[in-house]
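Counting starts at 1 for both ligands and their atoms, in listed order.
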Amino acid sequence: MLADCNLLAHRVYVEGKTRMHNISSPSIEKIAVLIVAAGRGNRAPGDAPKQYRQIAGETVLTKTLKCFAKFPHIMVVIHPDDQDLYEDAVSGLSLNIQTVHGGATRTNSVKAGLNALSAHAPKYVLIHDAARPFLQDRIIQNVIDGLSTHQACVPALPIVDALKTLDGETVDRDSVMRVQTPQGFRFDDIYKAYQDLPKSVNCADDIEIAKRNGHSIKMCEGDESNIKLTYERDFMQKTDTISVTGSGYDVHQICQGTSLWLCGIEIEAGFSLKGHSDADVGLHALTDAILGAIAAGDIGDHFPPTDPKWKGASSDIFLRHAKELVDAQGGNLDHVDVTLICEKPKIKPHREAMRAKIAEILDMPIRRISVKATTTEGLGFTGRAEGIAASAIVSLRIPDAE
Ligand code: MG
C-alpha cells in the first residue's frame with residue numbers, strides 16, 4: 001500500500017474545526033476522473049444542455065474540468081449530439097482528456113465511461129457530475145482520503161429543514177444525508193459492480209451501486225457551494241452578474257408625409273420623420289441605451305447612416321441586433337423605459353401597441369416595458385413641432401467576466 005501512497009499536506013476536518021495535518025493519500029497518478037456530461041438537462045431549459053451553458057464567460061463543463069486540472073487521466077462521457085459543443089468547451093484547455101459516448105441513462109453512461117477507463121487500469125476513480133462546476137479541492141481531497149480506508153467515499157451534508165413523508169409523518173433528519181459528487185471508488189470494485197448490474201436497473205448515483213454490492217462506504221464532508229446546477233434559478237443565482245444601466249437619446253426632424261414610425265408602430269399622423277432608416281426615434285433611443293449598457297458604442301457604429309444598405313430600414317433590425325449582443329455576453333434585460341417627447345401625435349392611444357412590439361422584439365414580458373410621453377409645453381424644437389425626441393433607459397444584468 002505504501003508504494004501507492006505519497007504524503008500530502010492538507011486539511012482534515014476534525015470535530016467541526018480545520019487544522020493542517022500530514023496524512024497519506026493515494027497518488028493522483030493512480031486516480032482516474034470520470035465526468036458524466038451526457039445528460040440533456042431538461043429541468044433547466046436553454047439553448048444547450050446545461051453542461052454547455054455559459055456562466056461568467058465559460059461553459060459549465062469547462063469550469064468543472066478545471067476543478068480536476070491536476071489529474072492526469074480524465075474521461076468525459078458525452079452525448080453523441082454534443083460533439084461540437086464539447087470541442088468548443090475544451091478548446092482552451094490543455095488537459096489530458098478522453099471522451100466516450102454515453103448511453104440512454106446515467107447508469108449506462110457511467111458504465112460506458114468505466115469500460116473506457118478500464119484500459120488504463122486505474123486504482124481509483126472519482127465519478128463527478130458535469131453540472132457541479134463549483135467543486136473545491138478540499139472536497140476532492142476528502143473523498144480521496146476516504147478511499148484509503150473504505151471501498152467507496154461520498155461527500156455528504158446534513159439536512160437542515162424538517163423532513164416529512166407525503167403522509168405528513170416526520171422523518172428523523174439525523175438518519176439521512178444529502179450526497180454530492182465526486183463519489184470515489186476503488187476502480188476494480190465499482191467496475192465489477194457495474195458489469196454485474198442487470199441491464200434494467202437505473203441508479204440515481206454510483207454509491208447506490210456500491211451499496212447494492214455490499215462495499216464499505218465512507219461519508220466525508222461535502223460543501224454547500226458544490227451545487228448541482230439543475231433549475232434555471234440555479235444558473236441565475238450562481239452566475240456572477242452585475243447590474244448595468246444604459247441611456248439613449250435621439251431626435252428626428254418632422255417632414256412632409258402621411259405617417260411616421262414610433263416604437264415599432266406606424267401612426268397615421270399627417271406628417272413623417274426624416275431619416276436614413278425609417279426614422280423611428282423611439283427604437284433608436286432604445287437601441288442606443290442597450291448599446292450603452294454593454295459599452296458597445298452607438299447605433300451609428302453598427303449601422304452607419306452612410307451605408308445605403310440601411311436606407312429605409314425597419315428599426316427593429318437595430319434593436320434586435322443590440323439584443324443579440326446582450327445575449328452573446330450572457331446578459332439579461334431586466335427593464336426598459338422609453339420617453340417620447342413631442343406635442344403630436346398623441347402617444348397614449350398607441351402606447352400598449354408600442355409596449356407589445358418592444359416586448360416582442362426584445363423577448364421580454366410586457367410588464368417590464370414602459371413607454372411614456374411628455375411635451376415641452378410648446379417650448380423648443382419639439383414645442384414648435386419641428387422634430388420629435390426620445391430618451392430611453394434600460395437596466396440589465398450581465399456576467400462580470402474578464
Ligand atoms: Mg435616429
The protein N, O or S atoms lying under 2.8 Å from the Mg ion (ligand 1) are D250 OD2, H252 NE2, H284 ND1
Passes ring pair (Phe, Tyr, Trp, His ring centres under 6.0 Å), H321 versus F303? Steps please. CA-CA 10 Å; H321 175 72; F303 303 97; 5.2 Å; yes
Salt bridge flag under 4.0 Å for residues K66 and E58: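 Salt bridge between K66 and E58, a charged N being under 4.0 Å from a carboxylate O: yes.
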Decide, yes or no, whether a salt bridge links K123 with E29 under the criterion of side-chain N to carboxylate O below 4.0 Å.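 Judged by the 4.0 Å cut-off on N to carboxylate O distance, K123 and E29 do not form a salt bridge.
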Which pairs would a plain distance check flag for residues 126-136, meaning a side-chain donor or acceptor within less than 3.5 Å of a matching protein atom at least two apart in sequence or in another chain?
unit_1	atom_1	unit_2	atom_2	d
H128	ND1	T181	OG1	2.8
H128	NE2	R132	O	2.9
D129	OD1	R106	NE	3.4
D129	OD1	R106	NH2	3.1
R132	NE	T181	OG1	3.4
R132	NH1	N226	O	2.8

Please lay out, stage by stage, how H150 and H215 fare under the test side-chain hydrogen bond (donor to acceptor under 3.5 Å, both in side chains). CA-CA 8 Å; H150 293 70; H215 297 172; over 6 Å; no
Are H302 and F318 an aromatic pair by the rule of ring centers under 6.0 Å?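 Judged by ring-centre distance (under 6.0 Å), H302 and F318 do not meet the cut-off.
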